[in-house]
Amino acid sequence: MAEFKHLVLVKFKDGVAVHDVLKGLEKLVSEMDAVKSFVWGEDIESQEILRQGFTHAFLMTFGSKEDFTAFATHPNHVEFSSTFSTAIEKAILLDFPAITVKPPPAAA
């Protein structure tokens with residue numbers, strides 16, 4: 001079964017303590033066994049016309065769509081989502097089964 005990905009692109013509202021939101025998100029995913037991996041970053045290279053105001057990207061990997069559903073409906077996620085939603089001006093969410101074209105090299 002293919003891994004399942006949850007990609008979120010956001011633009012935070014002006015005046016939001018982004019660092020606090022990010023710490024809360026890191027804490028949430030570290031406590032959730034359903035999350036196989038989590039990476040995030042802040043855009044520092046794209047031209048504004050290309051990024052369309054979005055500043056941060058978050059990517060979670062799950063072993064299956066069922067693991068994602070368990071995460072999305074978990075009370076801790078539901079609670080954090082309301083906090084997260086009030087901090088963002090706009091967001092794009094994509095949830096999809098991963099198609100691996102070039103896997104990472106195996107550890108030596």
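Side chains are part of it too, since the values below use all heavy atoms of this structure and drop only hydrogens, waters and symmetry mates. The residues of the chain are indexed from 1 along the displayed sequence. Treat the numbers as computed from the prediction; the structure is a model and nothing was measured.
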Problem - Electrostatic pair K13:E89 at N-O distance under 4.0 angstrom - result: no
Problem - Single-linkage hydrophobic cluster, 4.5 Å side-chain cutoff, L22 and L28 together - result: yes
Exercise for the section: Treating Ile, Leu, Val, Met, Phe, Trp and Tyr as nodes and any side-chain heavy-atom pair under 4.5 angstrom as an edge, say whether F80 and V16 lie in one connected cluster. Expected result: yes
Handout entry: L59 with W40, same ILVMFWY side-chain cluster at under 4.5 Å
Key = no
Practice task
Can you see which heavy atom on L9 is nearest to which on A57, and at what distance?
Solution key: CD2-CB, 3.6 Å
Handout entry: Close side-chain approach of F38 and L25, heavy atoms under 4.5 Å
Key = yes
Fill in the blank from the handout: Residue set satisfying ring pair (Phe, Tyr, Trp, His ring centres under 6.0 Å) with F12, at least two apart, ordered chain then number -> H56
Practice task
Look at the aromatic rings of F71 and H77 and report parallel, tilted or perpendicular, splitting at 30° and 60°.
Solution key: tilted
Would you tabulate the side-chain donor-acceptor contacts of residues 90-105 under 3.5 Å, counting partners in other chains and residues two or more places apart, or write 'none'?
unit_1: K90; atom_1: NZ; unit_2: Q52; atom_2: O; d: 2.6
unit_1: D95; atom_1: OD1; unit_2: H6; atom_2: ND1; d: 2.3

Practice task
Check step by step if side-chain contact (heavy atoms from CB on, under 4.5 Å) holds for E66 and F4.
Solution key: CA-CA 9 Å; E66 292 75 21; F4 199 80; over 6 Å; no
Handout entry: Atom of A72, atom of V78 and distance for their closest heavy-atom approach
Key = O-CG2, 3.8 Å
Exercise for the section: Please report the closest heavy-atom contact between S46 and D43, naming both atoms and the distance. Expected result: OG-OD1, 2.9 Å
Exercise for the section: Establish whether V18 and I88 are linked, either directly or via other cluster members, by ILVMFWY side-chain heavy-atom contacts under 4.5 Å. Expected result: yes
Exercise for the section: Assess whether side-chain contact (heavy atoms from CB on, under 4.5 Å) is satisfied between V10 and F84, documenting all intermediate values. Expected result: CA-CA 10 Å; V10 302; F84 190 74; 3.8 Å; yes
Practice task
Determine whether K23 and K27 make a side-chain contact, defined as any pair of heavy atoms from C-beta on separated by less than 4.5 Å.
Solution key: no
Exercise for the section: Determine whether F58 and L7 make a side-chain contact, defined as any pair of heavy atoms from C-beta on separated by less than 4.5 Å. Expected result: no
Problem - Flag for K5-T61: side-chain donor and acceptor within less than 3.5 Å - result: yes
Problem - Heavy-atom side-chain proximity of F68 to M60 below 4.5 angstrom - result: no
Problem - Crowding at CD, E79 (>12 non-hydrogen neighbours, <6.0 Å) - result: no
Practice task
Keeping the roles fixed (side chain from E48, backbone from G53), state whether a donor-acceptor pair exists under 3.5 Å.
Solution key: yes
